[in-house]
Amino acid sequence: MPDFLGLPLPCWVLLRLAVRVSMTRILNTMQTASIKQVLGGEIAVGSEVTVQGWVRTRRDSKAGFSFIHLNDGSTFGNLQLVADKDLPNYDDEIRHLTSGCSLTCRGKVVESKGRGQSVEIQAGTVEVVGWVEDPDTYPVQPKKHSFEFLRTVAHLRPRTNTFGAVTRVRHAAARAIHEFFDEQGYYWINTPIITSSDAEGAGQLFRVSTLDLMNLPRTDEGKIDFREDFFGREAFLTVSGQLNVEAYCLAMSKVYTFGPTFRAENSNTARHLAEFWMVEPEIAFADLNDLARLAEDFLKFVFTRVLDRCSEDMEFFAERINPEAIERLRKLIETDFVRMDYREAVSILADSGENFEYPAEWGLDLQTEHERYLTEKHCKAPVVVMNYPDEIKAFYMRLNDDGKTAAALDVLAPGIGEIIGGSQREERLDVLKRRMAEHGLDAETYSWYVDLRRYGTVPHAGFGLGFERLLNYITGLTNIRDVIPYPRTPGHAPF
RNA sequence: UCCCCGGUAGCUCAGCUGGUUAGAGCGGGUGACUGUUAAUCACUAGGUCGUUGGUUCGAAUCCGACCCGGGGAGCCA
């Protein structure tokens, strides 16, 4: 028996237990279920449930009932509600439901008398939560829409089959990425969005400033005085978390970043966004071969999980978007990646007898047509091209002993080309300093980065993967603007 | 940024060698019919033909400029 004078704690425990029990009972009587649960057979036939969602289609039968297909985003399929004409709001409301209306339906789970679904809901009550103001102009109609049009209604496109599926696959892929790294002992490092350094020494940056553009403070020489700015210096949105994550790598050993990245490049293509998400793992005590293995394991893990958890969505992509969508992922999972040196790749291309538009020769980067030949014709497998000419690679990539190549790699996938780019990092203080000088980088800005080579440096390596490009590969959608909720491109940032 | 293509009903498009009142399918409304499944059938409403100048008796149609969108290239993730 609890002693209410001396020991109040057991009383609290009992009270909280009692509350929890009663809450559970309330929830059980309400039985609000997701459509995924109902269609997945989690709700027993014969039991009462409440479902909520948005109408996809309505069909009436003069025999005295209407069929309503409802979707709540929880799964690809729609749940069929059967609404009888005896319902009090049948004539006034139910027969006027159109695509996009939101509703709450309480009813009984029954085995379907029709074909096409195993279970359906015999509606007991149908409460219209939100009408569509003007059904005539509601943009998301039950018909085929162009992706181009749907981009203009980005706030409504998640109500379509395609974008619902993209949303679930995007989530599943993100989750798989975190799982992969977590299971292997990596730490997720939240590198800064605002930065004062340009990670590549190239690329256009978005400026971050609170200065009054109409009245800029000036130095004596007439230049803009950034000492007056919010951070007391110039600041930008990050173009990569790599440099920052390297520091954590040289303490935590295995780390990764996964977050938004910004590029102000004026490139308007199906593969570029001004704001996109990037995955960047970094491993210590590792070389380029370790990195190649990581990239291969990583891709195979993520694809396996997505196929496993989003089978219905993937079947939809295979049916409507790209017939190869599932098969090419399966094939990639089963196939060993081919590794070859850049030098070897160039000679294969030179001897191929193919009539390439651009030449393949030492010192030039591989073109899309070259990448496709290597993966689709020559190797018929994903290819990791390694050790590129030093001149075409960034300052932080490790100079190989030959003095001519950098320890960089690209993972090329059949059907899309480059999907991952990475390198072993230059860990030698003197070499790094020399290369920074050659690239004209400000030693002071990067002094902290150089410090990492001064204090307990180790060989380390990492790669970058554009998350949306990965999603394009998974879904078969060819435009990067269709795999991110609100795409930002030059001249375009609505919503 | 460069090259190519496009902008006609809420959406997808036809019409474009200039010539009465600009069409179809889907979607919306009304009705018929059916345990229906992107149902079917009938009727019906709905358009400043991207904007703007020009050529012409006459422009959705031809020409110029501009705006917007798409594809490709470069760059990259």
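Chain letters run A, B, ... following the sequence lines, proteins first and then strands; every chain starts at 1.
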Study note, to complete from the structure: residues 409-425 of chain A vs side-chain hydrogen bond (donor to acceptor under 3.5 Å, both in side chains), sequence neighbours excluded, gives A:Glu282-A:Arg425, A:Tyr388-A:Asp410, A:Ser423-A:Arg425
Check your understanding: For the base of B:C76, is there a side-chain donor-acceptor partner from A:His272 under 3.5 Å away?
Key -> yes
Exercise for review: Remember a base hit wins even if backbone is also touched, and classify A:Glu120 as base, sugar-phosphate or nothing at under 4.0 Å, heavy atoms.
Suggested key: base
Revision key, fill the gap. Considering only heavy side-chain atoms of A:Ser146, the closest of B:U12, B:C76, B:U36 is B:U12
Review point. Which residue lies toward the 5' end of RNA chain B, A:Ala270 or A:Arg59, if each is placed at its nearest nucleotide?
Key: A:Arg59
**Study point:** Under 3.5 Å donor-acceptor, A:Asp287 side chain and A:Asp290 backbone
**Key:** yes
Practice item. Please determine if A:Arg168 and A:Glu312 form a salt bridge, counting it only when a charged side-chain N lies under 4.0 Å from a carboxylate O. Key: no
Review point. What is the nucleic acid contact for A:Arg56, judged by heavy atoms within less than 4.0 Å: base, sugar-phosphate only, or nothing?
Key: nothing
Quick one: which protein N/O atoms are closer than 3.5 Å to N/O atoms of nucleotides 42-47 of chain B? Pair and distance per line, please.
none

Revision key, fill the gap. Taking B:G35, B:U1, B:G10 as options, the one with an atom nearest any side-chain atom of A:Thr137 is B:G10
Point to revise | Salt bridge present between A:Glu48 and A:Arg106 (N-O < 4.0 angstrom) | key: no
Practice item. Report the nucleotide, chosen from B:C75, B:G27, B:G35, that has the shortest atom-to-atom distance to any side-chain atom of A:Pro142. Key: B:G27
Point to revise | Counterpart residues, side chain to side chain contact (heavy atoms under 4.5 Å, CB included), relative to A:Pro494 (two or more places apart) | key: A:Arg488, A:His492
**Study point:** Flag side-chain contact, heavy atom, 4.5 Å: A:Glu369 against A:Glu354
**Key:** no
Review point. Between A:Glu468 and A:Arg170, does at least one N-O distance fall below 4.0 Å, as a salt bridge requires?
Key: yes
Check your understanding: Out of B:G10, B:U36, B:G31, which has the shortest distance to the side chain of A:Lys143?
Key -> B:G10
Quick test: give all pairs of protein nitrogen or oxygen and nucleotides 3-5 of chain B nitrogen or oxygen below 3.5 Å, distance rounded to 0.1 Å.
none

Exercise for review: For A:Tyr138, report the nucleic acid contact type (base, sugar-phosphate, nothing); a contact means any heavy atom under 4.0 Å.
Suggested key: nothing
Point to revise | Partner residues of A:Ala264 under the side chain to side chain contact (heavy atoms under 4.5 Å, CB included) criterion, sequence neighbours left out | key: A:Gln204, A:Phe206
Check your understanding: Do the side chains of A:Ser66 and A:Arg95 get nearer than 4.5 Å, heavy atoms only?
Key -> yes
Exercise for review: Determine whether A:Phe181 and A:Tyr187 make a side-chain contact, defined as any pair of heavy atoms from C-beta on separated by less than 4.5 Å.
Suggested key: no
**Study point:** Residue-level proximity of residues 469-483 of chain A to RNA chain B when a heavy atom falls under 4.0 Å
**Key:** A:Arg469, A:Asn479, A:Ile480, A:Arg481
Review point. Would a 4.5 Å heavy-atom cut-off, applied to side chains only, mark A:Phe463 and A:Val411 as touching?
Key: no
Check your understanding: Which part of the nucleic acid, if any, lies within contact of A:Glu468, taking any heavy atom under 4.0 Å across all strands shown: a base, the sugar-phosphate backbone alone, or nothing?
Key -> nothing
